[in-house]
> 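Got a structure here, written out as structure tokens. Questions coming.
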Amino acid sequence: MRSIVLSIGGSVILSEKGEISFLKELASLLKKISKQYKMFVIVGGGNVARKYIKLGRDLGLDEEVLDSMGIDITRVNAKLLTNILKKSNREIPCTLNDANNVDKPIVVMGGTIPGHSTDMVGAELAEKIGADLFIIATNVDGIYDKDPNKHSDAKQLKQVKIDQLIEIFGTRWTSAGKNIVIDGPALKIIKRAKLTTCVVNGKRLDQLERAITCQPFDGTKIIV
Ligand code: UTP
């Protein structure tokens, strides 16, 4: 069976309002897609993780502790999603091997070890299982030439070469709670494994479905 890895931002799962209808629709979409593809969903930490990380950093905690707090929050978000889905695991896998061994149509997990984001976990898993597609569902419409939340004239990139992204963002992990569209270590794996990768707004379920089913979508395709 073909497989898809979906890395979904924590801010998509848990927005300020906590939208019940959105979560139900997301669950229905994932269940529908899982009839055709084995789905691996990696859930991020979002604002809650960032708040803990900021507080911990202000208190002088070391970076590894901040990362591990972030990981804990990703797993709480994953637990919420997996319990809505029902066709998926009950316990959240802590490693890629454990995720790969789950015999369910949908596998949901969060972070693994300190030093990267959940996008990197998604890229690693996609490489490991030879996924057909890697989708990054974030809270903006793809990758822009500058941060669209800060610059009103930011332009969306429909397509971007992986080498161009590496030139801009590098391939190193900078620090916990950074909130960039894709972290450097994930870019390195996307390039190495030649992963077909799409970046889309996870809040726009119609576009998420289009990206997953390889139809034209409003977002960014990364050319590898
Ligand atoms: P996220 O992947 O959520 O980071 O992990 P993010 O870029 O802020 O993502 P969004 O907003 O959800 O899209 C939250 C934090 O948890 C730690 C990192 O510190 C990261 O910034 N983390 C996560 C790890 O150290 N290892 C992991 O495998 C995953």
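All ligand and atom numbering here is 1-based and tracks the order in the structure. The figures here come from the full heavy-atom set of this structure, side chains too, leaving out hydrogens, waters and symmetry mates.
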> Taking all non-hydrogen atoms of both residues, which atom of Gly202 and which atom of Ala137 are closest, and how far apart?
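That closest heavy-atom pairing would be CA-CB, 3.7 Å.
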> Just let me know how Thr138 lines up against ligand 1, side chain, backbone, both or neither, with a heavy-atom cut-off below 4.0 Å.
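No part of Thr138 is near ligand 1 at this cut-off.
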> For Gly9, counting its heavy atoms only, list the atoms of ligand 1 lying under 4.0 Å from any of them.
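Atoms satisfying the 4.0 Å criterion: 12 (O), 13 (O).
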> Determine whether more than 12 heavy atoms belonging to other residues, nucleotides or ligands lie under 6.0 Å from atom NZ of Lys203.
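Enclosed: over 12 neighbouring heavy atoms sit under 6.0 Å from NZ of Lys203.
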> With respect to Gly115, determine whether any N or O atom, backbone or side chain, lies less than 3.5 Å from an N or O atom of ligand 1.
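By distance alone, the answer is yes.
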> Relative to the heavy atoms of Ile71, which atoms of ligand 1 are at a distance of less than 4.0 Å?
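With Ile71 as reference, the close atoms of ligand 1 come out as 16 (O), 22 (N), 23 (C), 24 (C), 25 (O), 26 (N), 27 (C), 29 (C).
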> Would you sort out whether Arg210 and Asp206 count as a salt bridge (charged side-chain N to carboxylate O under 4.0 Å, His left out), showing the intermediate values?
CA-CA 6 Å; Arg210 293 182 72 84; Asp206 57 334; over 6 Å; no
> Pull out every atom of ligand 1 sitting under 4.0 Å from any heavy atom of Gly46, numbered as shown with elements.
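Those of ligand 1 that fall under 4.0 Å from Gly46 are 3 (O), 10 (P), 11 (O), 12 (O).
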> Pull out every atom of ligand 1 sitting under 4.0 Å from any heavy atom of Pro114, numbered as shown with elements.
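Here the atoms of ligand 1 in question are 25 (O).
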> Above 12 or not: heavy atoms from other molecules or residues under 6.0 Å from NZ of Lys87?
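Atom NZ in Lys87 is crowded, with more than 12 foreign heavy atoms closer than 6.0 Å.
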> Out of Gly45, Gly122, Ser7, whose heavy atom sits nearest atom 3 (O) of ligand 1?
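Of the listed residues, Gly45 has the closest heavy atom.
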> Using a heavy-atom cut-off of under 4.0 Å, does the side chain or the backbone of Val121 touch ligand 1, or both, or neither?
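The side chain, only.
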> Is there a polar contact between ligand 1 and Thr74, counting only N or O atoms under 3.5 Å apart?
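No - when backbone and side-chain N and O of Thr74 are compared with those of ligand 1, no distance drops under 3.5 Å.
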> Same cluster for Ile136 and Ile168 if Ile/Leu/Val/Met/Phe/Trp/Tyr side chains link at under 4.5 Å?
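Yes, Ile136 and Ile168 fall within the same hydrophobic cluster.
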> Is the side chain of Ser11 donor-acceptor paired with the backbone N or O of Gly9 at a distance under 3.5 Å, no angle test?
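No, the answer is negative, given that no donor and acceptor are paired below the 3.5 Å cut-off.
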> Any atoms of ligand 1 less than 4.0 Å from a non-hydrogen atom of Gly70? List them with their elements.
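That gives atoms 15 (C), 16 (O) of ligand 1.
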> Examine Leu66 against ligand 1 and note whether any of their N/O atoms are separated by less than 3.5 Å.
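For ligand 1, there is no N or O atom that lies under 3.5 Å from one belonging to Leu66.
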> If you take all heavy atoms of Arg75 and Thr112, which pair is closest and at what distance?
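Answer, listing the atom of Arg75 first, then Thr112: NH2-O, 3.3 Å.
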> Grouping I, L, V, M, F, W and Y whenever their side-chain heavy atoms are under 4.5 Å apart, do Val12 and Ile71 come out in a common cluster?
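In one cluster with Val12: Ile71, no.
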> If you count the atoms of ligand 1 from 1 in the order shown, which ones are under 4.0 Å from a heavy atom of His116?
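Counting atoms of ligand 1 from 1, those under 4.0 Å from His116 are 17 (C), 18 (C), 22 (N), 23 (C), 24 (C), 25 (O), 26 (N), 27 (C), 28 (O), 29 (C).
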> Any chain of hydrophobic side-chain contacts (each under 4.5 Å) joining Phe22 to Val76?
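In one cluster with Phe22: Val76, no.
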> Polar contacts were defined as any N/O atom of the residue lying under 3.5 Å from an N/O atom of the ligand; does this apply to Thr118 and ligand 1?
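N/O-N/O distance under 3.5 Å: yes.
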> Going by distance only, is there an N or O of Gly111 that falls short of 3.5 Å from an N or O of ligand 1?
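Gly111 vs ligand 1: no N/O contact under 3.5 Å.
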> Look only at the side chain of Asn77 and the backbone of Gly44, and say whether a donor-acceptor pair between them is shorter than 3.5 Å.
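Answer holds: yes.
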> Below 4.0 Å, non-hydrogen atoms only: which portion of Arg50 touches ligand 1? Side chain, backbone, both or neither.
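Only the side chain of Arg50 comes within reach of ligand 1.
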> Within the 4.0 Å heavy-atom shell around Gly44, which atoms of ligand 1 are there?
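Going through ligand 1 atom by atom, the ones under 4.0 Å from Gly44 are 3 (O), 12 (O).
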> Answer yes or no: is there a side-chain heavy-atom contact under 4.5 Å between Asp218 and Lys158?
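Asp218 reaches Lys158 side chain to side chain.
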> Does OH belonging to Tyr52 count more than 12 external heavy atoms closer than 6.0 Å?
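Atom OH in Tyr52 is not packed in, count stays at 12 or less.
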> For ligand 1, which atoms have a heavy atom of Thr112 less than 4.0 angstrom away?
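Ligand 1 atoms under the 4.0 Å threshold to Thr112: 27 (C), 28 (O).
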> Got an N/O contact under 3.5 Å between Gly10 and ligand 1?
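Among all N and O atoms of Gly10, at least one is under 3.5 Å from an N or O of ligand 1.
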> Any N or O of Ile53 that comes nearer than 3.5 Å to an N or O of ligand 1?
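Looking only at distances, the answer is no, because the N/O contact criterion of under 3.5 Å is not met.
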